[in-house]
Chemist: 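Just passing along the structure, written as structure tokens.
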Amino acid sequence: MKNFTFSIPTTVHFGQGQIQKLGAEMARRSSRLLMVYGGGSIRRNGVYDGAVEQLKSQNLFWTELGGVEPNPRISTVRRGVELCREHNLDGVLALGGGSVIDCAKAIAAGACYDGDAWDFPSGKAVPERALPIFTVLTMAATGSEMDSVAVISNPDTQEKLDFAAACCLPAVSILDPTYTCSLPASQTAAGTADIMSHTFENYFSPIETSFLADSMAEDILRACIHYGPRAIADPNDYEARANLMWCAPWAINGFLDMGKPVAWSVHKIEHELSAFYDITHGVGLAILTPNWMRYVLNERTVDRFARYGTNVWGLDASLPAQQRAEEAIAKTRAFFTSLGLPATLHEVGIGEEHLELMAKKARTPGFDRTFVPLSQEDILNILRMSL
């Protein structure tokens with residue numbers, strides 16, 4: 001394990017009815033807020049009414065920015081920054097899933113910055129300050145409710161890029177599993193794949209001596225395999241919803257990658273799919289991940305995949321490592337398929353026309369230090385395997 005510093009200052013209120021604590025938490029830090037949300041689901045599941053009640057209970061001022069896209073766009077971020085400045089706002093309240101929270105983070109940082117908010121994901125600047133961020137989560141997936149990362153899309157340049165800054169960690173997050181019960185099965189499936197993919201990115205690392213983190217990663221994967229199908233079969237299964245909701249932030253809040261390098265290689269490839277075709281992030285990850293696994297399976301990595309097969313899928317440890325590794329990868333694909341997720345790019349309308357350009361744009365120096373270093377040609381091969 002390498003040296004590290006670990007800190008998560010986000011206050012999490014977890015469980016049914018915890019939104020009742022939101023008003024007081026906001027009032028301690030802010031008095032004028034921007035409420036950010038996506039479509040109409042928050043009005044159907046009670047989140048909007050609950051948030052308004054909390055704002056009113058503390059006599060807080062707010063204005064609203066709705067219509068945040070599933071892959072939040074920089075144009076929406078810019079509108080939010082303008083609203084913050086126009087109304088002299090001092091806090092951002094995100095009601096929704098990871099896309100809404102990511103948008104809120106970029107707005108909160110952009111409102112404290114003299115330049116354009118796209119400077120953050122493009123790498124021209126790193127946020128030094130941000131307005132306090134409050135979240136009410138409606139989908140277990142990205143873990144953005146307890147991390148410092150935001151992913152923003154720019155359709156004009158066909159880019160989907162991320163940035164991270166400590167000031168963008170949410171101050172307070174409300175995690176009520178009942179708010180996820182109204183999710184369509186397709187979104188629950190995509191969210192489960194997203195959680196698992198975050199865990200995979202941390203688990204498959206060049207350093208394999210972080211026993212505690214690796215064991216926790218295996219527990220998160222087993223929980224997703226157990227509770228994902230249950231949540232789809234019975235959307236009101238509180239135990240399933242609660243476990244998925246608590247797995248999501250711990251898959252990506254930094255604990256699993258402490259002391260080891262993680263390059264997020266599959267995510268960087270998928271970001272190109274989302275940038276070009278605006279597909280659901282979890283769907284793209286479900287398509288790519290098993291193919292990445294097959295591509296990087298070799299004599300050096302086989303023992304890691306074999307461990308994954310035994311500790312996560314329960315494969316017989318006495319079986320040859322190669323057999324366990326191959327069966328584990330096959331089970332990963334079969335599990336995603338059982339959730340109703342597509343297995344090929346063709347199923348989501350993606351052909352060969354942009355593969356070479358996507359491979360070129362995806363390739364960064366980070367691919368030199370990933371679990372298995374990947375060249376531009378390697379990335380292209382993985383994309384072609386996924387057709």
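Index from 1, following the sequence.
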Chemist: Check the surroundings of atom CD in E128: do more than 12 heavy atoms from other residues, nucleotides or ligands lie under 6.0 Å from it?
Modeler: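 It does not: E128 CD has 12 such atoms or fewer within range.
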Chemist: Would you say that more than 12 heavy atoms from the other residues, nucleotides or ligands in this model lie under 6.0 Å from the CZ of R85, or not?
Modeler: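 Yes, the 6.0 Å shell around CZ holds more than 12 heavy atoms from other groups.
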Chemist: Does the side chain of T370 come within less than 4.5 Å of V262's, by heavy atoms?
Modeler: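 No, side chains not in contact.
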Chemist: Using modelled atom types and a 3.5 Å cut-off, is there a donor and acceptor pairing between side-chain atoms of T199 and backbone atoms of I195?
Modeler: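 Side chain of T199 to backbone of I195, a donor-acceptor pair under 3.5 Å: yes, one is there.
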Chemist: Considering only NZ, NE, NH1 and NH2 on the basic side and carboxylate oxygens on the acidic side, decide whether E239 and R230 come within less than 4.0 Å.
Modeler: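 Between R230 and E239 there is a salt bridge, with a charged N closer than 4.0 Å to a carboxylate O.
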Chemist: Same cluster for I107 and L33 if Ile/Leu/Val/Met/Phe/Trp/Tyr side chains link at under 4.5 Å?
Modeler: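 Result: no, two separate clusters.
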Chemist: Under 3.5 Å, is there a donor-acceptor pair between the side chain of S31 and the main chain of A27?
Modeler: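 Pair absent, no side-chain N/O of S31 close to backbone of A27.
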Chemist: So, the side chain of E347 versus the backbone of T344: is there a donor-acceptor pair under 3.5 Å, distance only?
Modeler: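 The answer is yes, because a donor-acceptor pair under 3.5 Å joins these two groups.
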Chemist: Just do the side chain to side chain contact (heavy atoms under 4.5 Å, CB included) check on F255 and L212 with the steps written out, would you?
Modeler: CA-CA 10 Å; F255 180 82; L212 176 61; 3.8 Å; yes
Chemist: In terms of side-chain heavy atoms, does S57 have a donor or acceptor partner in E53 at a distance below 3.5 Å?
Modeler: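 Per modelled atom types, S57 and E53 side chains form no pair under 3.5 Å.
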Chemist: I need the minimum non-hydrogen distance between L60 and G23, along with the two atoms involved.
Modeler: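 Taking L60 first and G23 second, the nearest heavy atoms are CD1-O, 4.3 Å.
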Chemist: Would you please classify the geometry between the Y48 ring and the Y37 ring as parallel, tilted or perpendicular, with 30° and 60° separating the classes?
Modeler: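 Geometry flag for Y48 against Y37: perpendicular rings.
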Chemist: Is the Lys NZ or Arg CZ of R300 less than 6.0 Å from the centre of F371's six-membered ring, within 45° of the axis?
Modeler: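 Yes, cation above the ring, under 6.0 Å and within 45°.
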Chemist: Among the clusters formed by ILVMFWY side chains lying less than 4.5 Å apart, do L34 and M26 turn up in the same one?
Modeler: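 The answer is no; the residues belong to distinct hydrophobic clusters.
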Chemist: Of all heavy-atom pairs between P249 and E145, which one has the smallest distance, and what is that distance?
Modeler: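 That closest heavy-atom pairing would be CD-OE2, 3.4 Å.
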Chemist: Check the hydrophobic clustering (I, L, V, M, F, W, Y; side-chain heavy atoms under 4.5 Å; chains of links allowed) and say if L285 and W250 are grouped together.
Modeler: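 Shared cluster, no.
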Chemist: Once side-chain hydrogen bond (donor to acceptor under 3.5 Å, both in side chains) is applied, do any residues pair with Q54, and if so which ones, sequence neighbours excluded?
Modeler: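 By the side-chain hydrogen bond (donor to acceptor under 3.5 Å, both in side chains) rule, Q54 matches Q20.
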Chemist: Could R29 and E25 be called an ion pair, given the rule that one side-chain N must be under 4.0 Å from one carboxylate O?
Modeler: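 Yes.
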Chemist: For residues 329-346, which residue pairs qualify under salt bridge (Lys or Arg N to Asp or Glu O under 4.0 Å), counting only residues two or more places apart or in two chains?
Modeler: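 Of all non-adjacent pairs touching residues 329-346, none passes salt bridge (Lys or Arg N to Asp or Glu O under 4.0 Å).
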Chemist: Can you name the closest pair of heavy atoms from A343 and I287 and give their distance?
Modeler: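 Heavy atoms only, the tightest pair is O-CG2, 3.8 Å.
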Chemist: What are the two closest non-hydrogen atoms of A263 and G366, and how far apart are they?
Modeler: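 The answer is CB-O, 3.3 Å.
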Chemist: Please determine if R304 forms a cation-pi arrangement with Y203, meaning its NZ or CZ atom is less than 6.0 Å from the six-membered ring centre and no more than 45° off the ring axis.
Modeler: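 Yes; both conditions hold, so R304 lies above the ring face of Y203.
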Chemist: Is it the case that more than 12 heavy atoms not belonging to E299 sit under 6.0 Å from its CD atom?
Modeler: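 12 or below, so no.
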Chemist: Taking the side chain as every heavy atom from C-beta outward, state whether I174 and L137 have any pair of such atoms under 4.5 Å apart.
Modeler: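 No. Closest side-chain heavy atoms not under 4.5 Å.
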Chemist: Mind listing the closest non-hydrogen atom pair of D176 and G17 along with its distance?
Modeler: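 Looking at all heavy atoms of both residues, the shortest contact is OD2-N, 3.0 Å.
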Chemist: Check the hydrophobic clustering (I, L, V, M, F, W, Y; side-chain heavy atoms under 4.5 Å; chains of links allowed) and say if I74 and V81 are grouped together.
Modeler: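 Yes, because I74 and V81 connect within a single hydrophobic cluster, where side-chain heavy atoms sit under 4.5 Å apart.
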Chemist: Between T280 (side chain only) and G282 (backbone N and O only), is there a donor and an acceptor less than 3.5 Å apart?
Modeler: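 Between the backbone of G282 and the side chain of T280 there is no qualifying donor-acceptor contact (under 3.5 Å).
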Chemist: Between R32 and D90, does any NZ, NE, NH1 or NH2 come within less than 4.0 Å of an OD or OE carboxylate oxygen?
Modeler: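 Between R32 and D90 there is no salt bridge, as every charged N stays at least 4.0 Å from the carboxylate O atoms.
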Chemist: Can you find a heavy atom in the side chain of L383 that is under 4.5 Å from one in the side chain of I269?
Modeler: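 In short, these two side chains touch, coming nearer than 4.5 Å.
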Chemist: Using the six-membered ring wherever Trp is involved, compare the ring planes of W313 and Y308 and label them parallel, tilted or perpendicular (cut-offs 30° and 60°).
Modeler: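 It falls in the perpendicular class, over 60°.
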Chemist: Test L95 against V36 for side chain to side chain contact (heavy atoms under 4.5 Å, CB included), laying out the working first.
Modeler: CA-CA 6 Å; L95 310 178; V36 183; over 6 Å; no
Chemist: May I have the step-by-step check of salt bridge (Lys or Arg N to Asp or Glu O under 4.0 Å) for E356 and R384, ending in yes or no?
Modeler: CA-CA 10 Å; E356 291 190 13; R384 284 173 172 160; 3.6 Å; yes
Chemist: Decide yes or no for T10 and V172: does some side-chain heavy atom of the first lie under 4.5 Å from some side-chain heavy atom of the second?
Modeler: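 Heavy-atom side-chain distance check fails, nothing below 4.5 Å.
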Chemist: Would you indicate whether the side-chain heavy atoms of L387 and L355 approach each other to under 4.5 Å?
Modeler: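 Answer yes - side chains close enough.
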Chemist: Would a 4.5 Å heavy-atom cut-off, applied to side chains only, mark F305 and Q322 as touching?
Modeler: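 The answer is no, as the side chains (C-beta and beyond) never meet within the 4.5 Å cut-off.
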Chemist: If you look only at pairs with a residue in residues 112-158, which of them pass as a ring pair (Phe, Tyr, Trp, His ring centres under 6.0 Å), with sequence neighbours excluded?
Modeler: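 For residues 112-158: Y113-F120, F120-F163.
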Chemist: Got N291 and R294 here, is their nearest side-chain heavy-atom distance under 4.5 Å?
Modeler: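 Yes - at least one pair of side-chain heavy atoms lies under 4.5 Å apart.
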Chemist: Once ring pair (Phe, Tyr, Trp, His ring centres under 6.0 Å) is applied, what residue pairs with a partner in residues 279-300 remain, sequence neighbours excluded?
Modeler: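 Residue pairs passing ring pair (Phe, Tyr, Trp, His ring centres under 6.0 Å), neighbours aside: F204-W292, H267-H281, H271-H281.
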Chemist: Can a donor-acceptor pair be found, under 3.5 Å and without considering hydrogens, that links the side chain of N45 to the backbone of S182?
Modeler: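 Judged by distance alone, no pair lies under 3.5 Å.
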Chemist: Treating Ile, Leu, Val, Met, Phe, Trp and Tyr as nodes and any side-chain heavy-atom pair under 4.5 angstrom as an edge, say whether V47 and L175 lie in one connected cluster.
Modeler: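 No, separate clusters.
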Chemist: Taking the side chain from T192 and the backbone from T188, do they hold a donor-acceptor pair closer than 3.5 Å?
Modeler: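 Judged by distance alone, yes, a pair lies under 3.5 Å.
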Chemist: Are any side-chain N or O atoms of S215 and backbone N or O atoms of F211, one a donor and one an acceptor, separated by less than 3.5 Å?
Modeler: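 It does hold such a pair.
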Chemist: Would you confirm whether D237, through its side chain, and A240, through its main-chain N or O, come within 3.5 Å as a donor-acceptor pair?
Modeler: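 Judged by distance alone, yes, a pair lies under 3.5 Å.
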Chemist: Got a second to check how far D278's CG is from L273's CG, nearest 0.5 Å?
Modeler: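 Output value for this atom pair is 11.5 Å.
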Chemist: Please check if the side chain of S375 supplies one atom and the backbone of D378 the other of a donor-acceptor pair under 3.5 Å.
Modeler: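 At least one qualifying donor-acceptor pair exists.
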Chemist: Take M196 and F336 through the test side chain to side chain contact (heavy atoms under 4.5 Å, CB included) and record every step on the way to the result.
Modeler: CA-CA 10 Å; M196 293 179 70; F336 289 151; 3.9 Å; yes
Chemist: Side chains of residues 146-155: which donor-acceptor pairs under 3.5 Å do they make with residues two or more places apart or in other chains?
Modeler:
unit_1 : atom_1 : unit_2 : atom_2 : d
D147   : OD1    : K105   : NZ     : 2.7
D147   : OD1    : V149   : N      : 3.1
N154   : OD1    : D156   : N      : 3.1

Chemist: May I have the step-by-step check of side chain to side chain contact (heavy atoms under 4.5 Å, CB included) for D368 and L374, ending in yes or no?
Modeler: CA-CA 7 Å; D368 293 327; L374 298 175; over 6 Å; no
Chemist: Within a strict 4.5 Å, meaning less than it, do heavy atoms of the R241 and N236 side chains meet?
Modeler: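 The answer is no, as the side chains (C-beta and beyond) never meet within the 4.5 Å cut-off.
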Chemist: Report yes or no: do E69 and S99 form a side-chain donor-acceptor pair below 3.5 Å?
Modeler: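 The criterion, which ignores hydrogens and geometry beyond distance, is not satisfied for S99 and E69.
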Chemist: What heavy-atom pair brings P170 and S173 nearest, and what distance separates the two atoms?
Modeler: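 So the minimum-distance heavy-atom pair works out to CB-OG, 3.7 Å.
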Chemist: For G309, does its backbone N or O pair with a side-chain atom of E327 as donor and acceptor, under 3.5 Å?
Modeler: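 Flag not set: sc E327 to bb G309 has no pair under 3.5 Å.
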Chemist: Suppose we screen for side-chain hydrogen bond (donor to acceptor under 3.5 Å, both in side chains). Which residues come up paired with Q18, at least two apart in sequence or across chains?
Modeler: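 With sequence neighbours excluded, Q18 shows a side-chain hydrogen bond (donor to acceptor under 3.5 Å, both in side chains) to K21, given in chain and number order.
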Chemist: May I have the step-by-step check of side-chain hydrogen bond (donor to acceptor under 3.5 Å, both in side chains) for H198 and D194, ending in yes or no?
Modeler: CA-CA 6 Å; H198 294 159; D194 201 354; 2.9 Å; yes
Chemist: Can a salt bridge be assigned to the pair R307 and E218 using a cut-off of 4.0 Å between side-chain N and carboxylate O?
Modeler: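 E218 and R307: salt-bridged.
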Chemist: Less than 4.0 Å between a side-chain N and a carboxylate O, is that true for E377 and R363?
Modeler: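 Salt bridge flag = no for E377 with R363.
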